[in-house]
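In listed order, ligands and their atoms are each counted from 1.
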Amino acid sequence: MAFKLPDLNYSYDALEPYIDSKTMEIHYGKHHAGYTSNLNNAIQGTEMENYSINQILKNLDMSNSALRNNSGGFFNHCLFWEIIGPNCGGTPSGNLLNSITDNFDSFENFKNLFSKAAATRFGSGWAWLCVHENGKLEICSTANQDVPVMPGIGCGGSPILGIDVWEHAYYLNYQNRRPDYIDAFFNVINWEKVNDKYIANK
Ligand code: MN3
């Protein structure tokens with residue numbers, strides 16, 4: 001069963017001015033579509049054709065670079081489109097806010113730490129907020145399309161929030177100003193979705 005590019009639940013221009021329409025069009029329609037078809041090519045004719053994306057990631061042979069890059073690229077972007085949206089931003093509430101306060105002292109401090117992880121990831125990659133099974137939250141970053149749940153990544157738990165810091169995610173609008181893009185990203189985070197993921201994975 002082949003993986004499919006998931007529907008985007010908002011229009012390309014819905015996240016303006018924070019994420020511009022052209023970036024959305026290329027990022028979703030070209031980059032994510034490319035990871036999806038390359039993932040399907042990488043698993044074709046193998047037993048992984050019947051695996052879920054989570055099974056593929058958790059059992060990954062890290063030396064298989066085509067599968068590593070494209071299973072990660074597929075999964076990471078699925079999560080990314082889900083946890084951002086129009087009329088979002090602000091601060092989390094409920095269980096997630098309590099947990100962020102417990103783990104990082106305050107939302108502001110969490111925001112600083114997460115932004116720093118995203119700003120200091122050298123080259124291409126992602127910064128993450130992950131939850132462990134005991135409810136503990138962790139901020140980390142990964143290179144390229146690596147996912148925290150891949151074997152031996154050393155960045156634990158399940159990702160519930162991620163920011164794509166590949167240049168393709170921001171360069172048209174922000175050029176080399178990655179910190180401005182990171183600031184803007186906080187205006188499109190769908191905290192309700194992140195809270196749902198927190199509850200489902202802790
Ligand atoms: Mn991307």
Exercise for review: For the residue pair W81 and H32, confirm or rule out a side-chain donor-acceptor distance under 3.5 Å.
Suggested key: yes
Review point. Could E25 and K30 be called an ion pair, given the rule that one side-chain N must be under 4.0 Å from one carboxylate O?
Key: no
**Study point:** T101 and D105 side chains, donor-acceptor separation under 3.5 Å
**Key:** no
Review point. Just one of N76, N70, N69 clears the side-chain hydrogen bond (donor to acceptor under 3.5 Å, both in side chains) bar with Q145, so which one?
Key: N76
**Study point:** the Mn ion (ligand 1) contact by H32, N, O or S atom under 2.8 Å
**Key:** no
Study note, to complete from the structure: Of all N, O or S atoms in D164, the one closest to the Mn ion (ligand 1) is OD2
Check your understanding: For the Mn ion (ligand 1), does an N/O/S atom of H77 lie at less than 2.8 Å?
Key -> yes
